[in-house]
Amino acid sequence: MSYHFNEIEAKWQKYWAENQTFKAKNKSDLPKFYVLDMFPYPSGAGLHVGHPLGYIASDIYARFKRHKGFNVLHPQGYDSFGLPAEQYAIQTGQHPAITTEDNIKRYRQQLDQIGFSFDWSREVRTSESDYYRWTQWIFIQLFDSWYDKENDKAQPISILETIFFAEGNTNVNAVCDEDVEAFSADEWNAFSSEEKQKILLKYRLTYLAETEVNWCPELGTVLANDEIVNGVSERGGFPVVRKKMTQWSMRISAYAQRLLDDSEALDWPQPLKDSQTNWIGRSKGALVKFQILNSSHPQPFPEGREPRYLTGDPQISGELLHRAKEMRKKPTEGEAILWQKLKAKKLDSKFRRQHPIDSYIVDFACLSKKLIIEVDGEIHLQQKEKDGERELQLNQKLGYRVLRFTNQEVLEDINEVINKIENTLNSLSIGEGWGENETKTDNKKHISVFTTRPDTIFGVSFMTLAPEHELVQEITTSEQKEAVNAYIAKSAKRSERERMADVKTISGEFTGAYAIHPLSGEKIPVWIGDYVLAGYGTGAVMSVPCGDQRDYDFAKHFGLPIPNIFEGIDISEEAYAEKDGTKIANSDFLTGLAYKEATQKAIEALEAVNAGKGKINYRLRDAVFSRQRYWGEPFPVYYVNGLPQMIAEEHLPLKLPEVEKYLPTEEGEPPLGRATTWAWDSNKNKIVSNEMLKQVQHDGTQNDVTPSGVEGSSGKGIYPLELNTMPGWAGSSWYFFRYMDADNEEIFVSEEAQKYWENVDLYIGGSEHATGHLLYSRFWTKFLYDRGMVSVKEPFKKLINQGMILGMSAMVYRIEGENTFISKGLIEGKSVQPIHADVSFINSSDELDVEAFKSWRPEFADAKFILENGKYVVGREVEKMSKSKYNVVSPDEICSQYGADTLRMYEMFLGPLEQAKPWNTAGITGVHNFLKKMWKLYHNDEVFAVSEEKASADSMKTLHKTIKKVTEDIEEFSFNTSVSTFMICVNELTAQKCNQRELLEPLAILIAPYAPHIAEELWSKLGHDSSITTAEYPVYKESYLVESSKDYPISFNGKMRFTMELPLEMGRDEIEKAVMADERTQKQLDGRAPKKVIVVPGKIVNIVG
RNA sequence: GCUCGAGUGGCGGAAUUGGUAGACGCGCUGGAUUCAAAAUCCAGUAUUUUCGGAUGUGCGGGUUCAAGUCCCGCCUCGAGUACCA
């Protein structure tokens, strides 16, 4: 009886569907196991042979677990919102919902014919409103949350409001926007509702903010960082530009550290974890402030006007002056000596002693240079904190530089003290110091930089700002203005892509401004250069040319100094970027220290003068969540006076409106701007016509403009709705929870279902989702965990990346300038142009069906062909499978020609799951023959024939060897080797003429996960009337494998020469004796005496000599 | 540039803690069957050879009784990332 796979497969696919064989129960005494494939997007092209690879692997595992007695959840569904359907809609006018539905039908039919054990009763589609209502719901929860750093978790916004009400925001440790200003409880309570909303928006986990985004004009939408590859859009490959827009953002940065920490324990491929780690990009260092020496608007003292020396706080100036006079009368010893020296030494600058500044009296002050000198007695050691506060006020707020000496320093080495003062004065050289008449605001200006090498702070010889840096315009001197603006214009014109491609060219411009080194007080020129990225850190760097190659190159190029601060390191050729291997030199108090201590000391010193602090910086940016697109989830948001309001949960879903066209409006609004029924009636809680909105406006009630530009009114409670939609990753960031309880209308997943299924035990998919879907899913899961909505911190316990199946493109060669194609063997020396030919025209010997090719496209109809040996031979190239390369192979043909079981086994047989491999149908006959051979084991010619007799010991040994190997292989996801094992097993059983039930029954179960249709058929023929699906997996018994002897390999100097069968119970000495006695040994030794004989019982014998 | 991963016959790929390199399949060669083909079955298939053997897992060293496997230094290919301060 021959193996009619088509009939068998159709029969069992029907059986599984009718009997709901793979339906998982949410209540079960069995242990659970959750196997999931990465969410497919139903594209119009259907499946090619590469897609099912992961599905087959996960299906084998799911089926294996069912045999092992697990309650298995193995669902499937569609990530059905997305760009391709919308692009198609723009071109053809067909509603994306129809396109999507058609594509899903095709997908489903293709999936079904491969025999997957999916529980289709739980199917979800992100574009269905009963699904996306919960996506909208989660969005609302994010809006209703803030990140509490104190407890390191998301909290309800109501808690934050309670804190603001009671104590303002000064003690709140939250992740928030950078521009949040401090307020007290009184101030908070005095704020209007709108002011409060604006402030809260700065704290919410999803927030509306004007951000610089990646705008793709071709796609008409913004893209997230992970949707851009090499500076162009991942989808379509269109250029991307930076643009400022008001957008919804997700505060994923709040979770950066937890995403990093928790990834360590995940059973994921290391490269995938690495790429998440890199993407998050944690770096430890310091934030350092450099004051700007103001030279942009030199304001010489107006003629005839005295500088203002009354710098004390006017409200208490009388009291201050009185106390100052008292103090001048009784200086400390140190103060007295210093005053004498300062008077004696003509320092070009006038000093005043015991001078009131703000609410303090300082020891000595040079007002023209804004330098303060303090001489500390013992008392200061005990009031460091107060001094810090005083210094903060003087230094940060008023812009004075404070030099501090101890009494002891002054007494011991007054010359050194004077020298330091002199140096500092010189660094604040004439004309560039703060004039006494300058205003407070000027003093506030500083450049913040982030550095991972605070230990090299004394190696700074210039600073570089990104051309886009907000301070550039302010600080640039009039002389440099023209050059700087020209440079900014030039670099703005260069696209992201150009800038990335052209790393070699060094460019920049001097701003004319100087900053002050916070520790040495030296004057440092400030440059701009586009090697500094506006988007990373603070958009500015302290340039340490001796320790950073980019700074080094920049310094060399512009002839800037390159001070060496590394002991014994030659920096004449290149920078020394290593942290270890040397000590810091020429660096004041850091000299002689190694990287670690120097870093520590430098941060301490910076903190002491309030010019810096230790900081951890992340590369991970908050994720932009708005898309100017039609085919996505609508935001459950309407605007009152431009402020976003959430639609109450009970009124969800907010359904996607109909539009007549899927393009942006003439005003440049997103496609939803075309919807005519897209306003929110906040009294009736429903969507109403935009007419209502206009009517209200005509009534003359208050008008306002939303960020999207739609006019609205608060008069009758009718407001404009958000016009953006959510990005593709919204629906896919939580779908794995929905499968647990797919039909629940009360909640996104019931607590009971979620606690039973927990999270995904095994997740299989491509590595391309490393920094998108997988990171966002982890973020949302952590958020839901924080808010007590799920019980797990991570979505996917174990993850496997299946390798890509590559296509074998077929190339034909057209002679340049002619319509003549030349066979591959003859192209040598000819100028030819390779063209992709459809792989369906190629036979197994790489020969082209010339006639089929000619009728493929009109331009080839009258082409000429130069053949070799009467054939046209094509070239083959391994490339990604893609429609545009005509190398796509569909699983459909394979299924009809060889059957799904053959396809499943062949895809596994190709090689390790994780590895990329080219698709080549050549080997498929071997797998197909194997199945036929197995079928024959159960049949005698045309009849099913299984014997009830006892199987031979040899057969039992074969079976149990197979059980052992296959079980180990499945557990290690080594499916290719288990297919080989099955082949060996069937070969052996065939040779043994084995046909016993004792053996063939367990064999059917063993192979069922791989080739389920044939297994079911044989199972039913064996007399079972229920599915093989839950048949108990055979247990391996070692007793069948016990051997009495071993065929020892006998090697000489490590080379195997012959084998020798010896009893296993033989000891070391006996083995040696037996081997030495063998004549082949003597022949090998050729009379020599062996130096040594190594005997490993049960393994090997090695004779040295 | 940096970070990973991989280099084994004509091809896809096997090889437990270091212990018989090339399992299994494809392809190829020869044979059986057939009028013939397909299908099926059998035998062979790393290289080289003076038929004893010798050489072989990208290259060069090393450790070891023994190395595809461990260590050091290179080369090539692939993936990811990219001026990240």
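In what follows, chains carry the letters A, B, and so on, assigned in the order in which the sequence lines appear, proteins first and then strands, with residues in each chain numbered from 1. This is a predicted model, so every value here is computed, not measured.
- A/E1072 and A/R1068 are not joined by a salt bridge, as no carboxylate oxygen comes within less than 4.0 angstrom of a charged side-chain nitrogen.
- Comparing B/C84, B/U40, B/C24 against the side chain of A/Y536 picks out B/C84 as the nearest.
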From CA spacing to verdict: side-chain contact (heavy atoms from CB on, under 4.5 Å), A/I616, A/R282: CA-CA 7 Å; A/I616 288 161; A/R282 181 187 200 265; 3.1 Å; yes
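- Salt bridge status for A/E988 with A/K961: present, with a side-chain N to carboxylate O gap under 4.0 Å.
- For A/G1098 against A/L1064, the heavy-atom pair with the smallest separation is CA-CD2, 3.9 Å.
- The backbone N or O of A/I528 lies less than 3.5 Å from no partner atom in the side chain of A/T464, so there is not a single donor-acceptor pair.
- Its glycosidic angle being within 90° of 0, B/G52 falls on the syn side.
- Annotated as anti: B/G5, whose glycosidic dihedral deviates from 0 by more than 90°.
- Taking only side-chain nitrogens and oxygens, A/R619 comes nearer than 4.0 Å to OP1 or OP2 of B/A82.
- Under the rule for a ring pair (Phe, Tyr, Trp, His ring centres under 6.0 Å), A/Y1048 has no partner lying at least two apart in sequence or in another chain.
- Atom pair A/Y1048:OH and B/A66:C1' shows a separation of 16 Å (rounding to whole Å applied).
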List the protein contact pattern of nucleotides 12-17 of chain B with one symbol per nucleotide (5' to 3'): B for base contact, S for sugar-phosphate-only contact, - for none; contact means a heavy-atom distance under 4.0 Å. BSS--B
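- Of the two residues contacting RNA chain B, namely A/K1055 and A/T1059, the nearest-nucleotide position lying further toward the 5' end is that of A/T1059.
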